[in-house]
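Here the structure is laid out as structure tokens; the discussion comes afterwards.
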Amino acid sequence: MLTAQRDSIRLLHGILVASVALPAALFVYASWLGYQNNQVIAERQIDRTRDVVTEHALKVFESVERSIAEINEVVRDMPDERIAANEENLHRRFERLADSSEQIKSVWIFDRNGHALVNSLVYPAPSIDFSDRDYFKSHIDRDIGIYVGEVLRPRPPYGGAPFFGISRRRSSPDGSFNGVIQASILPEYFSGFYAKISREAGNYASLIRDDGLILARFPPSDIPALLPNGELLKAIRANSEGTLLLTSKLDNVERKIAYRKVSGFPVFVVAGLETQAIRAHWFSQMGAHLIFGLPATAALIAIVLLALKRTRRFYEEATRRQVAEHALKQSQRLEALGQLTGGVAHDFNNLLMVVGGSAQRLKRRHHDPADLRSLDMIESAVRKGSNLTRQLLSFARRQSLSPKVIDLGDCIEKFREILRQSVPGDIEIGLKVPQQKVMVRIDPDEFEIALLNLTLNARDAMPDGGRIAISVKTATLDENSGPNGLTGEFAVVGFSDTGSGIADDIRDRIFEPFFTTKKVDRGTGLGLSQVYGFVQQSHGAITVTSHSGNGTTFELFLPCCDEALQVESQTADDPAPLAKPATVLLVEDHPDVSAVGSDYVEQCGFKVVCAASAEVAVDILNQRRDIDLVFSDIVMPGMSGLELGRLIREHHPETPVVLASGYSDRAAAALAEGFTLLQKPYSLEALRKSLAEAMQAPDAINRKFDSPASRQTA
């Protein structure tokens, strides 16, 4: 007995030591992993911030450059005397231009001696010599294009916030110096924008000229320029973009930063994050672990001390608990399973738009009952395809089964294209279904997810291409032939691939949750277990036959059903007539979808002007005054429809915008900003309603500007 007690005490001491050492080691390991992950997250955040401020600066500088170019075109052939004679009209025009832009403080035209001929601030312009300003002097000797000046204080009698100039040379017909056109830009506009996007402590952003002069900065600072021998200035001179870890000699703060040159302009944007803030975030994460870890460890030690006579039982219980906790954590980390990309969903919705629109057009032209029934079936397939696409975007959600009576072969046939898009082009998918209906009562959505999981597993087993064969048949099972003792009439779905197969030593484990042979980033181990669970919930079974190197065959046994096929019906209300004729600018990069959309818009009673890109749409808006509404796709090459809508809101707020897309994330962003949104594939009735509501909005009542030139700002 004493020996047993000693052994128990020694075992308990070992467990006690392990209960302290193991959590400590796990905490150290978790801390290291957390630190590495925190560094990666911080770098991604810095890169995203850099991308945002780069895009913002580029748009601002390009907008100012276009404004200066327009001013230059207006006064190109005008001598100084004529400019002075038209000073009042030009002043009012420049004043409207400056008032419509948040970043432009004022606009100026200087003669060759540095005196203002006209400006947007006051009329008439006082006779003050500005020839000593850098934005003027830099253009005297030669034409240097666009010049970005240093931050200056306004010269009396002018006042207001500091500014830096963006200017270009006015040249005479003979090429000689004739003066300068200059726009005063507010650094505080950039600083304010940087403050808005810097939501966390320790964020840093700045706008720097290529010679190190600081134009704008957040957090604010009185430091005018980078040190001549500083690491950042050296890096800027050496490369157009990059990342650095440095301690600023200006404020003695260590930061991780990323910089990039603004294309076409002599300025750089810099985004960064203080390393102290990165460490503080990591410390907070580790503190959260300790809040839960320390009490758990203390409780474990207390339990060990109280369990002197029940050591072995406690050890077994602790082992089971650790396994359960590990499985729970792994389940929480790996819940999402192989989501389809948004690009596939977008393309699929475009195809549905073409199919549905073509069916609508044919219905208007054909009145034969047989043709109309076929077209109704096409429209029904489009609606179901649209619903299926939305489901596929989040197909890994755990939901209770909603069984319906379906034709198994028809269900697989309709889902075939989705399976086709989920594998590379070098993998062939063959389908063999019987002519007669095979009725089963299952959840069709879960069944499609099961097919998709099997397809993705087969894809990974065939990296060099191959063939997937799907077949449907019926079989009568008895106690000897049925798997898991199944008896009766069953539908058998065969799923075979020509991949690498499954090794004998792991074949019995493939349906275990979290078991996977894939790399960490390629699989979760839940796909086949989800298929197994679906089959079990459907009162069926699944079998697998495979040999290493010779492919794999799965057979899904689903009980047949004698009930009638459930058919969903759908009704549509008669569309309301159009209130008045108007012109719609349709922006769509897909030509077939554009044709369908154009046909829909014309059916709604509108005139249609088509544009293949957002850039073309901007040109049309700048050239035409008869556009009453813009209807644009969101996902397009180059400028997106959402960016186009924002641009129209900024420069043409009286023109309503209606957007369309199949992306749920883009849809959320558009709706959050108040845009009218149509989900593809949209119906004629939905389009008519959205266009009518947009046209009846208060901002769409007064549609014209006072002068033709006022539309030339987009």
Side-chain angles (χ1 to χ4, degrees), residues 327 330 334 336-341 344 395-396 408-409 412-413 415-434 446-475 477 480-484 486 490-536 538 540-558:
Q330 189 173 12
L334 306 177
L337 305 175
Q339 297 183 355
L340 292 178
T341 63
V344 171
F395 75 96
L408 201 57
I412 299 175
E413 184 69 44
F415 196 63
R416 181 180 185 178
E417 184 58 28
I418 299 298
L419 300 179
R420 171 69 269 168
Q421 294 183 9
S422 65
V423 297
D426 56 0
I427 295 180
E428 178 187 356
I429 296 181
L431 179 60
K432 182 180 180 181
V433 298
E446 291 296 323
F447 175 65
E448 291 171 353
I449 292 174
L451 286 180
L452 188 60
N453 281 327
L454 293 173
T455 302
L456 295 179
N457 278 351
R459 176 200 64 187
D460 294 338
M462 297 184 292
D464 299 324
R467 174 178 171 81
I468 295 175
I470 305 175
S471 63
V472 178
K473 64 180 180 180
T474 58
L477 305 180
N480 297 325
S481 61
N484 299 336
L486 295 179
F490 280 80
V492 183
V493 180
F495 190 99
S496 303
D497 65 66
T498 58
S500 56
I502 303 174
D504 295 339
D505 57 339
I506 64 172
R507 190 180 305 123
D508 294 336
R509 300 187 58 194
I510 60 174
F511 296 117
E512 294 180 6
F514 313 115
F515 177 78
T516 179
T517 59
K518 300 177 184 178
K519 296 180 180 179
V520 174
D521 295 333
R522 295 298 304 274
T524 63
L526 292 174
L528 289 179
S529 66
Q530 188 176 17
V531 177
Y532 179 84
F534 158 73
V535 174
Q536 291 294 316
S538 302
I542 183 172
T543 62
V544 57
T545 303
S546 179
H547 298 283
S548 183
N550 294 324
T552 302
T553 298
F554 291 92
E555 287 189 333
L556 282 67
F557 294 82
L558 301 171

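Remember, it's a predicted structure, so these values are computed and weren't measured experimentally.
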Roughly how far apart are Ile427 CD1 and Ile429 CD1, rounded to 0.5 Å?
-> 7.5 Å

Rounded to the nearest 0.5 Å, what separation is found between the OG atom of Ser500 and the NE2 atom of His547?
-> 14.0 Å

Please tell me if the side chains of Val472 and Val492 come closer than 4.5 Å, counting only heavy atoms from C-beta onward.
-> no

Starting from the C-alpha separation in whole Å, work towards a yes-or-no answer on side chain to side chain contact (heavy atoms under 4.5 Å, CB included) for Phe490 and Leu558.
-> CA-CA 5 Å; Phe490 280 80; Leu558 301 171; 5.6 Å; no

Nearest-0.5 Å distance that lies between atom OG1 in Thr455 and atom CD1 in Ile470 | 5.5 Å

Can you check whether Phe557 reaches Thr543 side chain to side chain, under 4.5 Å on heavy atoms?
-> yes

In Å and rounded to the nearest 0.5 Å, what is the CE to OG1 distance from Met462 to Thr552?
-> 9.5 Å

Quick one: does Thr474's side chain have a donor or acceptor within less than 3.5 Å of a partner on Ala491's backbone?
-> no

Is there side-chain contact between Leu556 and Ser538, with heavy atoms separated by less than 4.5 Å?
-> no

Can you check whether Phe554 reaches Val493 side chain to side chain, under 4.5 Å on heavy atoms?
-> no

Where do Val433 and Ser471 land on the side chain to side chain contact (heavy atoms under 4.5 Å, CB included) test, with the steps shown first?
-> CA-CA 6 Å; Val433 298; Ser471 63; over 6 Å; no

Which heavy atom in Gly551 sits nearest to a heavy atom in Ser546, and how many Å separate them?
-> O-OG, 3.0 Å

Does Arg459 reach the side chain of Pro424, with side-chain heavy atoms less than 4.5 Å apart?
-> yes

Taken to the nearest 0.5 Å, the spacing of Leu431 CG from Arg420 CZ works out to 13.0 Å

Per side-chain contact (heavy atoms from CB on, under 4.5 Å), Leu452 is matched among Val531, Asn457, Leu419 by Leu419

